[in-house]
Amino acid sequence: MMKKILMISTGGTIASEPGPDGLVPKVDGAAMVRMIPRLHGLCDITCKEILSLDSSNIQPHHWSVMADAIGADYADYDGFVVTHGTDTMAYTAAALSWMLKNLGKPVVVTGAQLPIEHPETDGKRNIYSAFHVACSGRPGVYLAFGDKVVGGKFAKKMHTSEFNAFYSVNAPYAAITASDGIEWQTPEPPMPADKFEVLSNVDERVMLIKLIPGTTPDILDYAVSQKYRAVVIEGFGAGGVPNDENNFLPAVERALRAGMIAVCASQCMYDGVNLSEYPIGVLAARLGVLSAEKMTIEAVCTKLMWALGNSNTAEEAKALFLS
């Protein structure tokens, strides 16, 4: 019996056609499926359009729309494919990883660097791979792109135009794609014991501060004055904050006293944060700053928005972020 897969379209380059000011999403999911004859007989496909956006225009509330759409049809399908623009695809994959709690089916995000109607498009191959993952029955959120399958929490776009655009950061690739299907590189995750639920609320009041030499700490006071509820400080190396000239620690302490959550992340792509190695990290952690550990910036920011949106207090949000 063929698996039933729901393809949810949100726009992006893959669905785009030339317009007067550049590429504009216009091609619907059913049309894309018809362009990929290899999909015929693989599974029973239903298409649904929920958005038609360049992914640079995707906002956090659009992640909620996607999660709610999956939740609404969860019982009726064996898996889901979400077509999406590449520029914020990693954010969406991470956000869905948090929002779809106790997920027992595959949800696969994919897209393309070239429109599906382009003669050299990568879109057909990516969609075909995504459907193979969706038919696998493996629970979880994945990103299928450029012959690689990445866990949704670990994906990062590393190239603006190359077909092999996405890498898996601080985690192995979940799978690689072959001409005859999927070659899994990781053990199959267990099915969740608890009931599936959608926790799609988000609070967008999260600020990311990327430090450069010379950044002054008053930016944290600005974040407090503008009612941000959390800040991610993308620091140097192991993730600490300056504590000599332009000392950030007093401003961090003021932000924490005001009820903000502060998280230290690293500008280094790999190996993550260690706040116990140098005084600049130790002192920040002692104040109550959290560590992003090995999470990508996409995963950290989306998880903070999700934790804040599904909690009543900062302490509850902090516990949910750390869970």
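The figures that follow rest on heavy atoms only: side chains count, while hydrogens, waters and symmetry mates do not. Nothing here was measured: the structure is a model prediction, and the numbers come from that model.
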Engineer: Look at the side chain of Thr121 and the backbone N and O of His118, then say whether any donor-acceptor pair between them is shorter than 3.5 Å.
Structural biologist: no

Engineer: Could you check whether any side-chain N or O of Asn310 sits under 3.5 Å from a backbone N or O of Trp306, counting only pairs where one atom can act as donor and the other as acceptor?
Structural biologist: yes

Engineer: When you measure from the side chain of His62 to the backbone of Gln59, do you find a donor-acceptor pair of N or O atoms at a distance under 3.5 Å?
Structural biologist: yes

Engineer: Before you tell me yes or no, could you show the steps for Thr177 and Asp147 under side-chain hydrogen bond (donor to acceptor under 3.5 Å, both in side chains), namely the whole-Å CA-CA distance, both residues' side-chain angles and the distance that decides it to 0.1 Å?
Structural biologist: CA-CA 5 Å; Thr177 61; Asp147 297 328; 3.1 Å; yes

Engineer: Should we count CD of Gln226 as having more than 12 external heavy atoms under 6.0 Å?
Structural biologist: yes

Engineer: Go through it in stages, so that I can follow the logic: the residues are Ile261 and Arg229, the test is side chain to side chain contact (heavy atoms under 4.5 Å, CB included), and I'd like the CA-CA distance, side-chain angles, deciding distance and then a yes or no.
Structural biologist: CA-CA 6 Å; Ile261 299 172; Arg229 296 186 64 198; over 6 Å; no

Engineer: CZ of Phe196 to NZ of Lys105: how many Å apart, nearest 0.5 Å?
Structural biologist: 8.5 Å

Engineer: Counting N and O atoms only, with roles assigned by atom type, does the side chain of Glu316 sit under 3.5 Å from a partner on the main chain of Asn312, one being a donor and the other an acceptor?
Structural biologist: yes

Engineer: Test your reading of the model: is there a side-chain donor-acceptor pair from Asp122 to the backbone of Phe163, 3.5 Å cut-off?
Structural biologist: no

Engineer: Do Val232 and Trp98 sit in one hydrophobic cluster, given that two such residues count as connected whenever their side-chain heavy atoms are within less than 4.5 Å of each other, even indirectly?
Structural biologist: yes

Engineer: Considering all heavy atoms of both residues, which atom of Ala317 and which atom of Ala307 are nearest to each other, and what is their separation?
Structural biologist: O-CB, 3.4 Å

Engineer: Can you confirm whether Val149 sits close enough to Ile176 that some side-chain heavy atom of one is under 4.5 Å from a side-chain heavy atom of the other?
Structural biologist: no

Engineer: Same cluster or not: Tyr142 versus Met158, using hydrophobic residues (I, L, V, M, F, W, Y) connected whenever any side-chain heavy atoms lie under 4.5 Å apart?
Structural biologist: no

Engineer: Grouping I, L, V, M, F, W and Y whenever their side-chain heavy atoms are under 4.5 Å apart, do Met305 and Met260 come out in a common cluster?
Structural biologist: no

Engineer: In the single-linkage hydrophobic clustering (I, L, V, M, F, W, Y; side-chain heavy atoms under 4.5 Å), do Leu143 and Leu6 co-cluster?
Structural biologist: yes

Engineer: I need the minimum non-hydrogen distance between Ala90 and Ala155, along with the two atoms involved.
Structural biologist: CB-O, 3.3 Å

Engineer: Any salt bridge between Asp44 and Lys3, counting N to O under 4.0 Å?
Structural biologist: no

Engineer: Run the side chain to side chain contact (heavy atoms under 4.5 Å, CB included) test on Tyr228 and Val206 for me, step by step, so that the C-alpha distance in whole Å, both residues' side-chain angles and the decisive distance to 0.1 Å come before the verdict.
Structural biologist: CA-CA 6 Å; Tyr228 281 88; Val206 174; 5.6 Å; no

Engineer: Please name the pair of heavy atoms, one in Leu308 and one in Ala230, separated by the smallest distance, quoted to 0.1 Å.
Structural biologist: CD1-CB, 3.9 Å

Engineer: Could you give the distance from CG (Asp221) to CG (Asp218), rounded to the nearest 0.5 Å?
Structural biologist: 6.5 Å

Engineer: To the closest 0.5 Å, what do you measure between OG1 (Thr215) and CD1 (Ile209)?
Structural biologist: 8.5 Å

Engineer: Using side-chain heavy atoms (C-beta onward) and a distance below 4.5 Å, is Val108 in contact with Phe131?
Structural biologist: no

Engineer: Looking at every heavy atom in both Ser16 and Pro25, which two are closest together, and how far apart are they?
Structural biologist: OG-N, 3.3 Å

Engineer: Kindly indicate whether the side chain of Met191, heavy atoms from C-beta on, has any atom under 4.5 Å from the side chain of Pro139.
Structural biologist: yes

Engineer: Between Gln267 (side chain only) and Leu211 (backbone N and O only), is there a donor and an acceptor less than 3.5 Å apart?
Structural biologist: yes

Engineer: Please determine which of Thr86, Val150, Val109 meets the side chain to side chain contact (heavy atoms under 4.5 Å, CB included) test together with Phe145.
Structural biologist: Thr86

Engineer: Got Cys43 and Ile45 here, is their nearest side-chain heavy-atom distance under 4.5 Å?
Structural biologist: yes

Engineer: With a 4.5 Å limit on heavy-atom distance, are the side chains of Leu51 and Met66 in contact?
Structural biologist: yes

Engineer: Report yes or no: does Glu49 contribute a side-chain atom to a donor-acceptor pair with the main-chain N or O of Gly29 at less than 3.5 Å?
Structural biologist: yes

Engineer: Counting only heavy atoms from other residues, nucleotides and ligands, does the tally under 6.0 Å from NZ of Lys303 exceed 12?
Structural biologist: yes

Engineer: Which word best sums up how the rings of Trp63 and Tyr91 line up, parallel for under 30°, tilted for 30 to 60°, or perpendicular for over 60°?
Structural biologist: parallel

Engineer: Is a donor on one side and an acceptor on the other found under 3.5 Å between the side chain of Lys26 and the backbone of Glu17?
Structural biologist: no

Engineer: Considering all heavy atoms of both residues, which atom of Met7 and which atom of Val33 are nearest to each other, and what is their separation?
Structural biologist: SD-CG2, 3.7 Å

Engineer: Just so I know, are the side chains of Arg254 and Leu220 near enough to count as touching, which here means a heavy-atom distance under 4.5 Å?
Structural biologist: no

Engineer: Apply side chain to side chain contact (heavy atoms under 4.5 Å, CB included) to the pair Met35 and Lys124, showing each step before the final yes or no.
Structural biologist: CA-CA 8 Å; Met35 295 178 199; Lys124 296 176 183 179; 4.0 Å; yes

Engineer: Quick check for you: to the nearest 0.5 Å, what is the distance between Thr83 atom OG1 and Ile116 atom CD1?
Structural biologist: 8.5 Å

Engineer: Ignoring hydrogens and angles, write down the donor-acceptor pairs under 3.5 Å from the side chains of residues 73-81, residues two or more places apart or on other chains.
Structural biologist:
from, atom 1, to, atom 2, distance (Å)
Asp73, OD2, Lys48, NZ, 2.6
Tyr74, OH, Gly104, N, 2.9
Tyr77, OH, Thr46, OG1, 3.4
Asp78, OD2, Lys4, N, 2.7

Engineer: In Å and rounded to the nearest 0.5 Å, what is the CG to CG distance from Asp54 to Asn57?
Structural biologist: 5.5 Å

Engineer: Looking only at non-hydrogen atoms, find the nearest pair between Ile5 and Ala134 and report the distance.
Structural biologist: CD1-O, 3.5 Å

Engineer: Kindly determine whether Ser291 and Cys264 satisfy side chain to side chain contact (heavy atoms under 4.5 Å, CB included), including the steps that lead there.
Structural biologist: CA-CA 5 Å; Ser291 169; Cys264 276; 5.8 Å; no

Engineer: So Val300 and Val263, do their side chains get closer than 4.5 Å, heavy atoms only?
Structural biologist: yes

Engineer: Using only heavy-atom distances, determine whether the side chains of Thr110 and Asn126 contain a donor-acceptor pair under 3.5 Å.
Structural biologist: no

Engineer: Are any side-chain N or O atoms of Ser55 and backbone N or O atoms of Thr88, one a donor and one an acceptor, separated by less than 3.5 Å?
Structural biologist: yes

Engineer: Does Ser9 reach the side chain of Met32, with side-chain heavy atoms less than 4.5 Å apart?
Structural biologist: yes

Engineer: Cut-off 3.5 Å, no hydrogens considered: what does the side-chain donor-acceptor table look like for residues 269-290, sequence neighbours left out?
Structural biologist:
from, atom 1, to, atom 2, distance (Å)
Asn274, OD1, Ser276, N, 3.0
Asn274, OD1, Ser276, OG, 2.6

Engineer: In terms of hydrophobic clustering (I, L, V, M, F, W, Y; side-chain heavy atoms under 4.5 Å; direct or indirect links), are Val107 and Ile182 co-clustered?
Structural biologist: no

Engineer: Are Phe166 and His159 an aromatic pair, judged by ring center distance below 6.0 Å?
Structural biologist: no

Engineer: Distance check, rounded to the nearest 0.5 Å: His132 atom NE2 versus Ile127 atom CD1?
Structural biologist: 13.0 Å

Engineer: Give a yes or no on whether the backbone of Glu162 and the side-chain of Gln113 come within a donor-acceptor separation of less than 3.5 Å.
Structural biologist: yes

